[in-house]
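What follows is a single structure, written as structure tokens, with notes after it.
Reminder, nothing fancy here: chain letters follow the sequence lines and each chain counts from 1.
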Protein chains: 2
Amino acid sequence: MKKNSSCPLHYTMNLIGTKWKPLVLFHLLDGSLRSGVLQKKVPGISNKMFTQTIRELEKDGLVSRKIFPVVPPKVEYKLTDRGNSLENILISLDTWGLEDYKN
Amino acid sequence: MKKNSSCPLHYTMNLIGTKWKPLVLFHLLDGSLRSGVLQKKVPGISNKMFTQTIRELEKDGLVSRKIFPVVPPKVEYKLTDRGNSLENILISLDTWGLEDYKN
DNA sequence: GCTATAACTTACCAAAAGGTAACATACGTA
DNA sequence: TACGTATGTTACCTTTTGGTAAGTTATAGC
């Protein structure tokens with residue numbers, strides 16, 4: 001049963017309602033990852049889209065970026081507390097896909 | 001904790017990973033609605049996008065369409081069982097937005 | 001026979017998203 | 001001094017998305 005109809009869902013969708021954002025966030029649930037590793041975990045994403053997506057997530061405070069001043073470059077991304085608060089939703093979306101695919 | 005890494009989430013996102021689909025589905029949680037009523041409940045959606053979105057949801061078996069042979073036309077949409085299985089996720093997304101907005 | 005109605009559909013155009021490939025960086029190593 | 005490395009950025013182009021406005025339908029009521 002729906003709780004109200006003014007619909008904060010609209011707000012949520014403006015933050016994470018794209019094809020790639022939930023996928024990127026999902027793969028960070030287990031902890032921080034190097035940029036290249038994270039990108040490889042998202043099948044089909046181009047380099048450009050990956051950068052663009054992670055920049056927006058960073059801007060919105062859902063992931064944080066840690067730069068190691070080494071050569072060649074090393075960058076790690078991880079969920080912020082705000083990003084991590086999406087954990088249950090991300091897992092539910094994943095589980096739903098798994099169940100639905102069976103049918 | 002994530003359950004696996006092959007990621008059925010990708011499958012889920014291909015079904016409902018757009019700006020409008022979750023919003024349309026959400027407003028059908030309480031039961032069937034006439035086309036025009038449903039459309040008015042989704043703020044900012046154009047007629048064209050509404051039609052296109054609902055057609056895809058119908059094609060994917062998430063909503064069903066009932067036509068009443070009257071003039072002027074009357075059409076009602078409602079969630080299928082498959083669509084209704086997204087209820088918890090849709091509510092979670094809405095609730096998350098409500099909580100997040102406070103901060 | 002003209003009009004209002006709800007639910008579309010279509011044509012046209014503008015805006016945004018997205019792919020590919022080249023370039024940038026800076027240091028250690030061959 | 002040229003190369004490899006990881007992490008980007010940028011330019012160019014194509015594809016997709018999206019908005020607006022006009023057209024379509026069938027009948028009841030004026």
Fill in the blank from the handout: Applied to residues 78-103 of chain A, the ring-ring contact (aromatic ring centres under 6.0 Å, His included) test, sequence neighbours excluded, yields A:Tyr101-B:Tyr11
Using a cut-off of under 3.5 Å, enumerate the N/O to N/O pairs linking the protein to nucleotides 14-18 of chain C.
unit_1 : atom_1 : unit_2  : atom_2 : d
C:dG18 : N7     : A:Lys48 : NZ     : 3.0

Exercise for the section: Apply side-chain hydrogen bond (donor to acceptor under 3.5 Å, both in side chains) to B:Glu99 and list each qualifying residue two or more places apart in sequence or on a separate chain. Expected result: B:Lys102
Handout entry: ring pair (Phe, Tyr, Trp, His ring centres under 6.0 Å) involving B:Phe68 - partner list, sequence neighbours excluded
Key = none
Practice task
Kindly state each residue pair satisfying salt bridge (Lys or Arg N to Asp or Glu O under 4.0 Å) with at least one member in residues 68-86 of chain B, sequence neighbours excluded.
Solution key: A:Asp100-B:Arg82
Exercise for the section: Can you run down the salt bridge (Lys or Arg N to Asp or Glu O under 4.0 Å) pairs that involve residues 58-73 of chain B, sequence neighbours left out, and say none if there aren't any? Expected result: B:Arg55-B:Glu58
Practice task
Taking only the side-chain nitrogens and oxygens of B:Tyr77, find out if one of them lies under 4.0 Å from OP1 or OP2 of C:dC8.
Solution key: yes
Practice task
List in numerical order all residues of residues 55-69 of chain A for which some heavy atom is under 4.0 Å away from an atom belonging to DNA chain D.
Solution key: A:Arg55, A:Arg65
Completion exercise
Grouping ILVMFWY residues whenever side-chain heavy atoms fall under 4.5 Å, the cluster of B:Val71 otherwise contains none
Distance check needed: [N] [atom2] versus [X] [atom1], whole Å only.
X: B:Leu38; N: C:dA6; atom1: CG; atom2: C1'; answer: 14 Å
X: A:Asn47; N: C:dG19; atom1: CG; atom2: P; answer: 11 Å
X: B:Leu33; N: C:dA6; atom1: CG; atom2: C1'; answer: 15 Å

Determine all donor-acceptor pairs shorter than 3.5 Å in which one atom belongs to a side chain in residues 32-39 of chain B; sequence neighbours excluded.
unit_1  : atom_1 : unit_2  : atom_2 : d
B:Arg34 : NH2    : B:Pro73 : O      : 3.2

Nearest heavy atoms of [X] and [Y], plus distance in Å:
X: A:Thr80; Y: A:Val63; result: CG2-C, 3.7 Å
X: B:Gly97; Y: A:Pro8; result: C-CB, 3.8 Å
X: A:Leu90; Y: A:Pro22; result: CD2-O, 3.7 Å

Exercise for the section: State which residues pass side-chain contact (heavy atoms from CB on, under 4.5 Å) with B:Met49; sequence neighbours excluded, sorted by chain then number. Expected result: B:Trp20, B:Ile45, B:Ser46, B:Gln52, B:Thr53
Problem - First-last contacting nucleotides on DNA chain D - partner chain B, under 4.0 angstrom, heavy atom - result: D:dG18 to D:dT27
Practice task
Take A:Pro72 and A:Thr51, find for each the nucleotide of DNA chain D with the closest heavy atom, and name the residue whose nucleotide sits nearer the 5' end.
Solution key: A:Pro72
Problem - Short side-chain to backbone donor-acceptor contact, A:Lys21 and A:Leu15, under 3.5 Å - result: yes
Handout entry: Approximate separation, where rounding is to 0.5 Å, of B:Leu23 CG and B:Ile16 CD1
Key = 11.0 Å
Handout entry: Terminal helix-axis angle for the helix from C:dG1-D:dC30 to C:dA30-D:dT1, with five pairs defining each axis and rounding to 10 degrees
Key = 20°
